[in-house]
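Structure, as structure tokens:
Reminder, nothing fancy here: chain letters follow the sequence lines and each chain counts from 1.
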2 protein chains.
Amino acid sequence: MLLSKSCVYGLRATLLLASNQNGNYTSIKELSEKLDISFHFLTKILQQLTAVDLMESLKGPKGGVRLSKSGEEITLLDIVIAIDGEDLLTECALGLPGCGIEKPCPLHDMWASTRDEIREMLESTSLTQMANKGKKMNLRITADGKFTWE
Amino acid sequence: MLLSKSCVYGLRATLLLASNQNGNYTSIKELSEKLDISFHFLTKILQQLTAVDLMESLKGPKGGVRLSKSGEEITLLDIVIAIDGEDLLTECALGLPGCGIEKPCPLHDMWASTRDEIREMLESTSLTQMANKGKKMNLRITADGKFTWE
DNA sequence: TCTATTTAAGAGTAATTTGTCTTAAATATA
DNA sequence: TATATTTAAGACAAATTACTCTTAAATAGA
Ligand code: FES
Ligand code: FES
């Protein structure tokens with residue numbers, strides 16, 4: 001799997017947040033229901049995003065989470081790195097320690113270029129871009145497809 | 001992680017087999033020692049390759065494993081699919097079921113093209129090609145780099 | 001101030017992946 | 001045929017990932 005489940009859940013949730021960013025807090029309960037993700041699990045994941053200040057949270061009634069800046073300023077890469085770390089983008093395809101430095105593995109050239117392309121793709125795409133695309137083309141971010149971008 | 005550890009171990013072992021393919025059987029013991037992989041674990045992994053006839057095995061003294069055809073005819077993709085399955089090359093980046101069909105997810109276009117590129121890269125590269133490259137450029141297929149392509 | 005609501009934190013469970021160990025089956029060779 | 005060697009198979013254990021549940025802390029609003 002390219003991305004962990006946690007990461008995928010984090011992406012889905014932040015896409016949703018970016019899709020109707022209005023300054024208000026959205027409760028994790030609401031996110032978890034719309035996205036059909038376990039509430040407690042999603043809470044844990046989103047905590048990782050608030051920990052690195054990609055999100056802000058507020059406890060209590062009217063509380064919830066919101067992006068800490070405009071969704072245009074947050075890239076998919078920001079979310080991926082916050083949750084899965086840099087491994088995907090730095091590790092050797094053969095799992096050898098210290099990709100690239102000293103002695104590369106036989107797959108290095110091929111993999112390094114594909115890997116850079118993945119990074120480029122994630123880095124050049126903002127949450128808002130993806131959310132807008134999803135909204136405009138009515139794309140899917142849940143398994144059943146019942147989700148609607150209001 | 002792009003590839004599972006099992007898959008990576010399978011690739012390393014088959015690269016080694018391709019690097020000195022002479023019709024003889026190589027014992028898994030020898031492979032596991034050269035590659036610094038647990039013998040029993042590697043045995044299990046290679047069984048998956050013999051199960052799909054990418055390798056042949058022989059029990060007893062002088063026994064071991066060998067590629068069932070020329071390493072030029074076996075691609076990296078063959079090994080990856082035999083061990084990790086098609087998931088990496090067919091699954092949705094957001095983990096949604098049925099990538100592409102019906103309603104794609106917002107990442108679909110981007111991911112599908114990157115994914116095809118990964119497939120292309122694995123499919124167009126044979127074990128022998130990689131092994132020759134490794135031999136010629138003295139590249140690394142173990143963590144410590146002590147391994148030598150005799 | 002009191003209460004209901006909501007995130008934070010952490011313990012605990014389940015599933016999957018990774019790795020170990022033991023025994024059985026096959027086979028080359030003496 | 002007897003023995004040593006090697007893969008096959010399967011039970012088992014450890015580590016990681018995925019998920020659940022309970023309790024604490026914060027806060028808006030009555
Ligand atoms: S060293 Fe293996 S991919 Fe870089
Ligand atoms: S539907 Fe998500 S990548 Fe194809």
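Among all heavy-atom pairs drawn from A:L94 and A:P106, the shortest one is CD1-CD, 4.3 Å.
Summarising the geometry, the separation between CG on B:L3 and P on C:dT17 is reported as 14 Å, rounded to the nearest angstrom. Per the geometry, NZ belonging to A:K5 stands 13 Å off P belonging to C:dA15, to the nearest Å. When rounded to the nearest whole Å, the span between NZ of B:K62 and C1' of D:dA4 equals 13 Å. For B:E56 and D:dA8, the CD to C1' distance is 16 Å, given to the nearest whole Å. The distance between atom CZ of A:R66 and atom C1' of C:dT7, rounded to the nearest whole Å, is 14 Å. As a whole-Å value, the separation of A:M55 CE from C:dT6 C1' is 13 Å. Taking atom CG of A:L2 as the reference point, atom P of D:dT17 lies 15 Å away to the nearest angstrom. In this structure, CG of B:D84 is placed 16 Å from P of C:dT16, rounded to the nearest angstrom.
Of the candidate nucleotides D:dT7, D:dA18, C:dT27, D:dT7 has the atom lying nearest to any side-chain atom of B:S57. Minimum atom distance to the side chain of B:Y9 is reached by C:dG19, of the listed D:dA18, C:dG19, D:dA28. Checking C:dA8, C:dT18, C:dA28 against the side-chain heavy atoms of A:K59 singles out C:dA8 as nearest. The side chain of A:S4 has D:dA18 as its nearest neighbour among C:dT29, C:dT27, D:dA18. Distances from the side chain of B:H40 to the nucleotides C:dT29, C:dT22, C:dA8 place C:dT22 closest.
DNA chain D is contacted by both A:L58 and A:S6; A:S6 maps to the nucleotide lying nearer its 5′ end (nearest heavy atom per residue). With DNA chain C read from its 5' end, the first of the two nearest nucleotides for A:Q47 and A:P61 is the one closest to A:P61.
Shown here is B:E72, whose CD atom has no more than 12 heavy atoms of other residues, nucleotides or ligands within 6.0 Å. The neighbour count for A:K29 NZ, taken as heavy atoms of other residues, nucleotides or ligands under 6.0 Å away, does not exceed 12. Annotation: A:N20, atom CG; neighbour count of heavy atoms from other residues, nucleotides and ligands within 6.0 Å is above 12.
Taking 4.5 Å as the limit, every side-chain heavy atom of B:T125 sits out of range of all side-chain heavy atoms of B:T75. Residues A:L67 and A:I74 form a side-chain contact, since some pair of their non-hydrogen atoms from C-beta on lies under 4.5 Å apart. The closest side-chain heavy-atom distance from B:K136 to B:W149 is not below 4.5 Å.
Distances shown here put every side-chain N or O of B:K44 at or beyond 4.0 Å from the OP1 or OP2 atom of C:dG19.
At the heavy-atom level, B:L46 lies nowhere under 4.0 Å from the strands shown. Among the heavy atoms of the strands lying under 4.0 Å from A:F39 is at least one base atom, whether or not backbone atoms are also near.
Contacts of residues 15-38 of chain A with DNA chain D (heavy atom under 4.0 Å): A:S38.
Panel note: side chain A:T50, backbone A:D53; no donor-acceptor pair is recorded below 3.5 Å.
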